[in-house]
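Values below: all heavy atoms of this structure, side chains included; hydrogens, waters and symmetry mates excluded. Each ligand, and each atom within it, is numbered from 1 in the order the structure gives. Throughout, numbering of the chain's residues begins at 1 and tracks the sequence.
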Amino acid sequence: MTRLNRPVGPMTTAIHSGEAPDPATNASAPPIHMSSTYVSEDVSGFSAHDLTPDSPYAYSRWANPTVAGLEAKIAAMQGTEACLCLASGMAAATAIFFTFLSAGDHVVVSDVSYAGVAELARDTLPRMGIEVSTVDMSDLEAVTGAIRPNTRLIHTETPVNPIGRLTDLAAVSRLARQAGALLSCDATFASPLGMDAVALGVDLVMHSITKYIGGHGDAVGGSVAGPADLITQMRTEAAIHHGGVLSPFNAWLISRGAATLPLRMKAHEAGAQSVAEWLEAHSRVSKVIYPGLASHPQADLAARQMTNMSGMVSFQVGDAAAGRSIAQNMIDRLEVIHYAVSLGHHRSLVFWMETEGLIESSFRLGGSQLESYRAYAGDGIMRLSVGLEDAEDLIADLDRALS
Ligand SMILES: *Cc1c(COP(=O)(O)O)cnc(C)c1O
């Protein structure tokens with residue numbers, strides 16, 4: 001796989017890294033290699049432990065040229081040595097947990113996170129004998145207090161789904177280093193353009209590439225980018241043994257989306273800023289959380305840490321009854337925005353997340369963690385993924401749903 005061998009800008013990186021004209025045909029666009037197996041030129045072994053970075057392609061659960069192209073593109077965009085792509089963002093999260101944690105180890109996880117990760121951490125990891133602490137990652141004292149002698153991993157998410165709270169990655173990475181633990185960060189909301197996670201001290205940068213990196217809502221996938229030795233370990237465990245590999249067709253779709261990521265992120269950010277400002281001025285909207293607004297509770301951190309504020313806007317419209325009725329209005333009246341889960345697509349998406357239900361099913365917070373969640377999310381969060389449509393059209397749509 002050719003990599004650009006001189007420094008180039010982020011747009012050029014996104015377009016050209018991980019791909020090159022096809023040597024067989026001179027095709028400018030990369031082909032899709034759907035082959036599950038490859039004709040061997042040598043008598044070799046068939047164990048994950050025989051695989052080296054220079055091994056020829058042998059079987060597509062080990063490695064596939066189209067998937068490898070996407071991995072090289074994401075590694076280049078994220079500024080890491082290597083990347084592993086898997087079948088979904090959840091496969092990427094489980095790859096981190098099950099490669100680097102064993103029975104008797106301890107992990108510190110953000111108390112609020114993507115619901116699937118929250119449930120995996122609370123239900124599955126303890127069943128495997130892994131100790132789990134959930135903390136508010138914006139509270140550095142809480143993070144420090146949670147660290148134990150057997151802490152192997154700190155896993156955070158910033159901005160966090162669905163409430164947009166930020167983690168100070170430089171500060172948490174210092175704590176992880178002192179503890180001899182790895183720091184992994186789910187940077188799905190930020191995208192690789194949203195912050196330089198590696199420079200901030202993150203060891204493993206995870207994305208649901210279903211979201212911004214793919215960008216068009218037509219393929220599910222996940223990635224983890226990081227140092228080559230850690231990624232090789234993960235490839236053996238998560239891809240070759242657990243087997244949740246990405247299909248070449250999805251890799252090709254996501255790669256085509258990724259080529260325009262820097263351009264799209266600028267447009268997502270501009271659209272979200274306009275919509276967030278309009279929402280903040282609307283009489284029925286009680287709160288708007290967007291890192292690009294001066295009113296964000298961590299606006300200073302956002303300005304320091306984020307290089308693109310992304311397109312994710314969370315807002316509230318009063319109590320749970322009001323939220324439910326606006327959600328129904330949205331289902332009935334929205335013409336442009338789709339009322340649907342997921343995010344980071346060119347189409348705008350909105351979804352109401354009621355606090356009570358989320359606390360019961362996913363987060364199970366109590367005490368000060370619950371108070372802190374409520375202070376952020378009140379009785380429910382409208383999670384709006386601002387797409388690439390004209391901001392005026394999104395505003396007109398939202399105005400219909402809010403009136
Ligand atoms: C969607 C999402 C995931 C899960 O990714 P899938 O591709 O749906 O498996 C993980 N983390 C965050 C922040 C997400 O938004």
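The side chain to side chain donor-acceptor pair (under 3.5 Å) pairs that include a residue from residues 176-188 are His155-Ser184, Ser173-Arg177, Asp186-Thr188, where partners are two or more places apart or lie in different chains.
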Criterion salt bridge (charged side-chain N to carboxylate O under 4.0 Å, His left out) on Glu356 and Arg374, from CA distance to verdict:
CA-CA 10 Å; Glu356 213 61 55; Arg374 279 222 180 268; 2.8 Å; yes
Residues Asp168, Arg174; criterion salt bridge (charged side-chain N to carboxylate O under 4.0 Å, His left out); working and verdict:
CA-CA 10 Å; Asp168 183 339; Arg174 279 192 292 276; 5.7 Å; no
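The pair Arg165-Asp111 meets the salt-bridge criterion, since a charged nitrogen lies less than 4.0 angstrom from a carboxylate oxygen.
Using a 4.5 Å heavy-atom cutoff, the side chains of Ile326 and Arg284 are in contact. Side-chain contact between Ile209 and Cys85: present, with at least one pair of heavy atoms (C-beta onward) separated by less than 4.5 Å.
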Please tabulate protein-ligand N/O pairs under 3.5 Å for ligand 1, atom names and distances to 0.1 Å.
residue  : atom   : partner : partner atom : Å
ligand 1 : 5 (O)  : Ser208  : OG           : 3.1
ligand 1 : 7 (O)  : Gly89   : N            : 2.8
ligand 1 : 7 (O)  : Ser208  : OG           : 2.8
ligand 1 : 7 (O)  : Thr210  : OG1          : 2.7
ligand 1 : 9 (O)  : Gly89   : N            : 3.0
ligand 1 : 9 (O)  : Met90   : N            : 2.9
ligand 1 : 11 (N) : Asp186  : OD2          : 2.6
ligand 1 : 15 (O) : Asn161  : ND2          : 3.2
ligand 1 : 15 (O) : Lys211  : NZ           : 2.8

